[in-house]
Chemist: 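Take a look at this one; I'll ask things after.
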Amino acid sequence: MPVHILDHPLAAHIITHLRDRTTKPATFRTLAYQLSLLLAIEATSDIETEEKPIETPLEPVTGRVLAHQPLVVVPILRAGLGMVQPFTDIFPDVSVGYVGLERDHVTAQARSYYCKLPPLAGRHVFVVDPMLATGGSAAKALSIVKEHGATDTRLLCIVGAPEGVAEVERHHPGTVIHLAALDRGLNARKYILPGLGDFGDRLYGT
Ligand code: PRP
Ligand code: URA
């Protein structure tokens, strides 16, 4: 399966501060924004452009602009919300859909509690969730967007575990995954190691 891992000194710098247990929610949100921006740029490096003739103050030139093929970003609530703003900042025409999933604290199984999606057929759909642990949430979200017509789906996560990557591959072979870091594995409670703890709790100070 194509797994792309951010390879940039800035990404390493940001993720180290995100992992740090002393990082407070306000800084954590800023760092999450910055890392998600790097991921969004990387994951959209192959989207279509088209020619556009313009005139500079000096002469005519044919430049390139994004082709009219609006993107859709789908955060998995709640923590995925922390990865949306980079998309809305750099792609003004992006649509946002929502999938609400919550992991049971005992079984670690993801339960669906909300779904609100724009039309997805024929559009690039970016499912975003900072943590890819067992992969149950991501696999379920990918199934939901496909049931709603998505055919071109990509998954963007900040930290992934090998178990999560394997689970997504098992249910959705060939899905392109972009990660900022691929960690060692999961602990007995299905938290990523070394990871950064509970992303949603740290993002929202809960
Ligand atoms: C976290 C995280 C993912 C999920 C990953 O969400 O944001 O959605 O766990 O775990 P998995 O790969 O084992 O499914 P959580 O269920 O804690 O909900 P939250 O976003 O509301 O905090
Ligand atoms: N969800 C989190 O927020 N962190 C983990 O390590 C695993 C699931």
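Fair warning: this is a prediction, and the values are worked out from it, not measured in the lab.
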Chemist: Would you say the side chain of Val74 lies within less than 4.5 Å of the side chain of Val125, judging by non-hydrogen atoms?
Modeler: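 Of all side-chain heavy-atom pairs linking Val74 with Val125, at least one is under 4.5 Å.
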Chemist: Leu132 vs Glu167, test: side chain to side chain contact (heavy atoms under 4.5 Å, CB included). Steps then yes/no.
Modeler: CA-CA 10 Å; Leu132 179 63; Glu167 182 71 355; over 6 Å; no
Chemist: Please check if atom CZ in Arg64 has more than 12 non-hydrogen atoms from other residues, nucleotides or ligands closer than 6.0 Å.
Modeler: yes
Chemist: If you draw the axis of the six-membered ring of Phe199, does the NZ or CZ of Arg29 fall within 45° of it and under 6.0 Å from the ring centre?
Modeler: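 No; the conditions do not both hold, so Arg29 does not lie above the ring face of Phe199.
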Chemist: Assess whether atom CG of Asp46 is packed by more than 12 heavy atoms of other residues, nucleotides or ligands within 6.0 Å.
Modeler: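 Atom CG in Asp46 is crowded, with more than 12 foreign heavy atoms closer than 6.0 Å.
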Chemist: Hey, any chance Leu182 and Leu155 share a hydrophobic cluster, counting ILVMFWY side chains that come within less than 4.5 Å of each other, even indirectly?
Modeler: yes
Chemist: Starting at CD1 of Ile158, measure out to CG of Leu35 and round the result to the nearest 0.5 Å.
Modeler: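 Going from the CD1 atom of Ile158 to the CG atom of Leu35 covers 5.0 Å.
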Chemist: What's the shortest heavy-atom distance between Ala150 and Thr153, and which atoms?
Modeler: CB-CG2, 3.7 Å
Chemist: Given His172 and Lys146, is the side chain to side chain contact (heavy atoms under 4.5 Å, CB included) satisfied, shown in steps?
Modeler: CA-CA 10 Å; His172 303 282; Lys146 287 179 180 178; 2.9 Å; yes
Chemist: Counting only pairs under 3.5 Å, give me each side-chain donor-acceptor contact of residues 54-62, with atom names and distances, residues two or more places apart or in other chains.
Modeler:
from: Thr56; atom 1: OG1; to: Leu58; atom 2: N; distance (Å): 2.9
from: Thr56; atom 1: OG1; to: Glu59; atom 2: N; distance (Å): 3.0
from: Thr56; atom 1: OG1; to: Glu59; atom 2: O; distance (Å): 3.1

Chemist: Kindly state each residue pair satisfying ring-ring contact (aromatic ring centres under 6.0 Å, His included) with at least one member in residues 82-117, sequence neighbours excluded.
Modeler: Phe87-Phe126
Chemist: On a heavy-atom basis, which atom in Leu142 and which in Thr175 lie closest, and how many Å separate them?
Modeler: CD1-CG2, 4.1 Å
Chemist: Would you say the side-chain atoms of Arg154 and Thr44 include a donor-acceptor pair closer than 3.5 Å?
Modeler: no
Chemist: Can you tell whether the side chains of Arg78 and Asp201 come within less than 4.0 Å, N to carboxylate O?
Modeler: yes
Chemist: Just by distance, with hydrogens left out, do Ser137 and Arg111 show a side-chain donor and acceptor under 3.5 Å apart?
Modeler: no
